[in-house]
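Source: prediction; values computed, not measured.
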Amino acid sequence: MAQDMTEKELLKMEIDQLKKEVKLERQMVSKTAKELKDYIESMAGEDPLLKGVPEDKNPFKEKGGCIIS
């Protein structure tokens with residue numbers, strides 16, 4: 001897509017993107033990292049990758065075996 005655009009169009013896209021970015025509220029990494037860590041720890045009990053999926057609710061459980069004769 002960018003290959004088909006003129007330099008002027010590319011610069012306009014870049015300016016539009018920079019205008020969007022300048023409006024975003026910036027926060028300190030130390031604050032957001034703590035919030036992210038707290039959220040992850042609070043949701044860990046519900047995470048199926050950490051606690052596993054019960055066999056009766058596992059949609060990927062094999063339904064039957066394969067017999068080769």
Side-chain angles (χ1 to χ4, degrees):
M1 176 182 150
Q3 299 165 349
D4 301 334
M5 302 176 81
T6 66
E7 186 176 351
K8 183 178 179 181
E9 291 172 324
L10 289 171
L11 290 172
K12 184 178 180 335
M13 277 181 48
E14 186 175 353
I15 289 171
D16 291 341
Q17 180 63 33
L18 290 172
K19 285 180 181 178
K20 290 178 188 175
E21 290 178 16
V22 80
K23 292 178 185 176
L24 292 176
E25 179 184 343
R26 298 176 56 122
Q27 295 184 4
M28 294 175 53
V29 173
S30 57
K31 179 184 176 203
T32 55
K34 181 183 179 333
E35 291 173 358
L36 181 60
K37 179 180 172 250
D38 293 342
Y39 173 78
I40 291 171
E41 288 174 348
S42 71
M43 300 302 286
E46 301 171 26
D47 191 335
L49 295 175
L50 294 176
K51 71 174 194 170
V53 178
E55 286 294 319
D56 59 333
K57 294 184 180 181
N58 186 353
F60 301 104
K61 179 180 174 185
E62 289 191 33
K63 306 278 189 276
C66 177
I67 300 174
I68 299 174
S69 56

Worksheet item: Mind checking what makes salt bridge (Lys or Arg N to Asp or Glu O under 4.0 Å) contact with E41, not counting sequence neighbours?
Response: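 With neighbours one apart ignored, the set is K37.
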
Discussion item. Counting only heavy atoms not in E35 (residues, nucleotides, ligands), do more than 12 fall under 6.0 Å from its CD?
Written reply: yes

Response to the item:
Output for pair (D16 CG, K12 NZ), nearest 0.5 Å, gives 4.0 Å

Could you give the side-chain donor-acceptor pairs of residues 18-33 under 3.5 Å, partners two or more places apart or in another chain?
unit_1 : atom_1 : unit_2 : atom_2 : d
E21    : OE2    : Q17    : NE2    : 3.0
T32    : OG1    : M28    : O      : 3.3
T32    : OG1    : V29    : O      : 3.2

Less than 3.5 Å apart, which donor and acceptor atoms pair up between the side chains of residues 45-54 and the rest of the protein, not counting sequence neighbours?
unit_1 : atom_1 : unit_2 : atom_2 : d
D47    : OD1    : L49    : N      : 2.9

